[in-house]
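Every value quoted in this text rests on a predicted model; they were computed, and no experiment measured them. FYI, side chains are in, hydrogens and waters are out, and symmetry mates aren't considered; it's all heavy atoms of this structure.
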Amino acid sequence: MKMRIAMVLGLALGGQAWAAEVKVAVGLSLPPYVIQEQNKGMELDVVAQALAAAGHTIKPVYLPFARVPVAMQDGSVDAAITVNESSGIKAAFSDSHIVYQNFAVSLSKNGYKIGSVDELGKYSVAAFQNATVYLGDKFKAMAAANKRYGEHAQQVKQNMLLFTGRADVVVGDRNIFKYFNAAAKKEGVDTSQPVTYHELFPPTPYKVAFRDAALRDSFNAALKKMRADGSYEAIMKKYQ
């Protein structure tokens with residue numbers, strides 16, 4: 001009888017351990033939001049901490065972004081991050097856990113007044129790779145007409161160009177820009193110069209897509225508590 005109870009208990013515990021691991025598809029690895037080499041980052045830490053509060057551990061599954069909907073559909077992952085309803089994924093979406101927002105950034109000492117995307121055409125602009133794909137038709141038209149427009153795969157290059165005066169304006173996410181200041185500083189660049197963020201692009205709220213609605217609800221409750229007790233903001237500050 002004792003052996004039978006032990007076997008049942010062992011199976012139950014094994015089931016709980018299996019259920020506690022949540023496989024999360026990660027299609028975008030962008031420091032400081034996701035730092036793949038460390039399985040950390042601003043966004044990844046928020047998701048991991050919220051899931052931990054609900055009794056789960058996270059297992060990031062790094063995929064090409066186009067593979068994320070497929071992985072959700074075939075059940076090879078339990079959730080996916082950096083997505084929203086516009087992704088076309090059929091899932092139970094969480095509350096927004098992170099917001100990305102691109103800005104035009106200039107050195108404050110130059111006193112630039114940039115109120116629209118069109119006005120970027122007057123300046124030398126360094127943007128992230130494929131910015132013309134993501135930032136809308138007006139931005140694409142500006143880039144096509146601006147002979148001093150360039151894109152850079154290594155985003156630290158933007159910081160270096162701006163702070164050394166070789167670009168008037170850089171375009172990218174504010175948190176990513178701040179993160180790469182440290183790398184630019186290591187190259188001898190003075191990143192202490194004040195900058196101005198010109199808000200020309202709308203913010204993009206992202207959510208977590210869950211296959212299971214109950215898990216989504218637990219995540220939302222934990223996320224709400226994190227925002228209230230300051231632990232959410234602590235993660236944001238850690239990477240800034």
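- How far OG1 of T191 is from NZ of K186: 12.0 Å, rounded to the nearest 0.5 Å.
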Exercise. Does the pair D118 and S116 meet the rule for a side-chain hydrogen bond (donor to acceptor under 3.5 Å, both in side chains), with working shown?
Worked result: CA-CA 5 Å; D118 293 339; S116 69; 4.8 Å; no
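- Counting heavy atoms from C-beta on, the side chains of V68 and I89 come closer than 4.5 Å.
- Between the CZ atom of F210 and the OG atom of S218 there is a distance of 9.0 Å, given to the nearest 0.5 Å.
- With R148 contributing its side chain and V125 its backbone, the two residues share no donor-acceptor pair below 3.5 Å.
- Hydrophobic clustering, with ILVMFWY side chains joined whenever heavy atoms are under 4.5 angstrom apart, keeps V26 apart from V99.
- By the side-chain hydrogen bond (donor to acceptor under 3.5 Å, both in side chains) test, E199 pairs with Q101, sequence neighbours left out.
- Scanning for salt bridge (Lys or Arg N to Asp or Glu O under 4.0 Å) contacts around K90 gives an empty result, with sequence neighbours left out.
- Contacts of R166 classified as salt bridge (Lys or Arg N to Asp or Glu O under 4.0 Å), with partners at least two apart in sequence or in another chain: none.
- Other residues, nucleotides and ligands place no more than 12 heavy atoms under 6.0 Å from the CD atom of Q154.
- Distance check: L223 CG to S96 OG gives 8.0 Å after rounding to the nearest 0.5 Å.
- Using a 4.5 Å cut-off on side-chain heavy atoms (C-beta onward), D217 and F219 make no contact.
- The cationic group of R216 does not satisfy the cation-pi geometry with F93, failing either the under 6.0 Å distance to the six-membered ring centre or the 45° limit from the ring axis.
- Every residue meeting the side-chain hydrogen bond (donor to acceptor under 3.5 Å, both in side chains) condition with D190, not counting sequence neighbours, appears here in chain and number order: S192.
- L28 and I235 sit in two unconnected hydrophobic clusters of ILVMFWY residues. Membership requires side-chain heavy atoms under 4.5 Å apart, directly or through other members.
- Take S108 and apply the side-chain hydrogen bond (donor to acceptor under 3.5 Å, both in side chains) test, not counting sequence neighbours, and it matches T196.
- The CG atom of L200 lies 7.0 Å from the CD1 atom of I114; values are rounded to the nearest 0.5 Å.
- The shortest distance between side-chain heavy atoms of V24 and V61 does not fall below 4.5 Å.
- Rounded to the nearest 0.5 Å, atoms OG (S76) and CZ (R67) are 7.0 Å apart.
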Exercise. Given the rule in the side-chain contact (heavy atoms from CB on, under 4.5 Å) test, do T204 and Y206 qualify, once you have shown the distances and angles that lead to the verdict?
Worked result: CA-CA 6 Å; T204 303; Y206 285 112; 3.5 Å; yes
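- Using modelled atom types, no side-chain atom of Q73 and backbone atom of P69 make a donor-acceptor pair closer than 3.5 Å.
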Exercise. When you look at T164 and V189, which way does the side-chain contact (heavy atoms from CB on, under 4.5 Å) test go after all the steps?
Worked result: CA-CA 7 Å; T164 58; V189 175; 4.2 Å; yes
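- Note on residues 222-232: no pairs pass salt bridge (charged side-chain N to carboxylate O under 4.0 Å, His left out), not counting sequence neighbours.
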Could you list the donor-acceptor pairs under 3.5 angstrom formed by side chains in residues 177-184, with sequence neighbours left out?
from, atom 1, to, atom 2, distance (Å)
N181, OD1, N159, ND2, 2.8

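- Under a 3.5 Å cut-off, the side chain of D78 and the backbone N or O of K23 do form a donor-acceptor pair.
- For residues 126-155, every residue pair satisfying the ring pair (Phe, Tyr, Trp, His ring centres under 6.0 Å) rule, not counting sequence neighbours, is listed here: F139-Y149, F139-F201.
- Annotation for E119 and K113: closest pair OE1-O, 3.2 Å, computed over non-hydrogen atoms.
- Take S124 and apply the side-chain hydrogen bond (donor to acceptor under 3.5 Å, both in side chains) test, not counting sequence neighbours, and it matches D168.
- The salt bridge (Lys or Arg N to Asp or Glu O under 4.0 Å) search around E85 returns K207, not counting sequence neighbours.
- A distance-only check finds a donor-acceptor pair linking the side chain of Q158 to the backbone of V171 [under 3.5 Å].
- Rounded to the nearest 0.5 angstrom, K157 NZ and L162 CG are separated by 13.0 Å.
- Residues T57 and V22 are not in side-chain contact: their nearest non-hydrogen atoms beyond the backbone lie 4.5 Å or more apart.
- The cluster map of Ile, Leu, Val, Met, Phe, Trp and Tyr, joined by side-chain heavy atoms under 4.5 Å apart, puts V70 and I81 in different clusters.
- Hydrophobic clustering (ILVMFWY, side-chain heavy atoms < 4.5 Å, transitive): V77 and L51 are in distinct clusters.
- You'll find the side chain of E21 stays beyond 4.5 Å of the side chain of H56, heavy atoms only.
- Partners of Y112 under the ring-ring contact (aromatic ring centres under 6.0 Å, His included) rule, at least two apart in sequence or in another chain, are Y123.
- For S87 (side chain) and V83 (main-chain N/O), no donor-acceptor pair under 3.5 Å exists by modelled atom type.
- Partner of K140 under the side-chain contact (heavy atoms from CB on, under 4.5 Å) criterion, out of V117, V133, T132: T132 alone.
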Which pairs of donor and acceptor atoms, one on a side chain in residues 31-50, lie under 3.5 Å apart (sequence neighbours left out)?
from, atom 1, to, atom 2, distance (Å)
Y33, OH, D173, OD1, 3.1
Y33, OH, D173, OD2, 2.8
Y33, OH, N175, ND2, 2.9
N39, OD1, Y62, OH, 2.7
E43, OE1, T82, OG1, 3.0
E43, OE1, Y100, OH, 3.0
E43, OE2, T82, N, 3.1
E43, OE2, T82, OG1, 2.9
E43, OE2, H97, NE2, 2.8
D45, OD1, G41, N, 3.3
D45, OD2, Y239, OH, 2.6
Q49, NE2, S231, OG, 3.3

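- The closest side-chain heavy-atom distance from L30 to Q155 is below 4.5 Å.
- Hydrophobic clustering keeps F103 apart from L161 (ILVMFWY residues linked when any side-chain heavy atoms are closer than 4.5 Å, directly or through intermediates).
- Minimum heavy-atom separation, A213 to A92: CA-CB, 3.9 Å.
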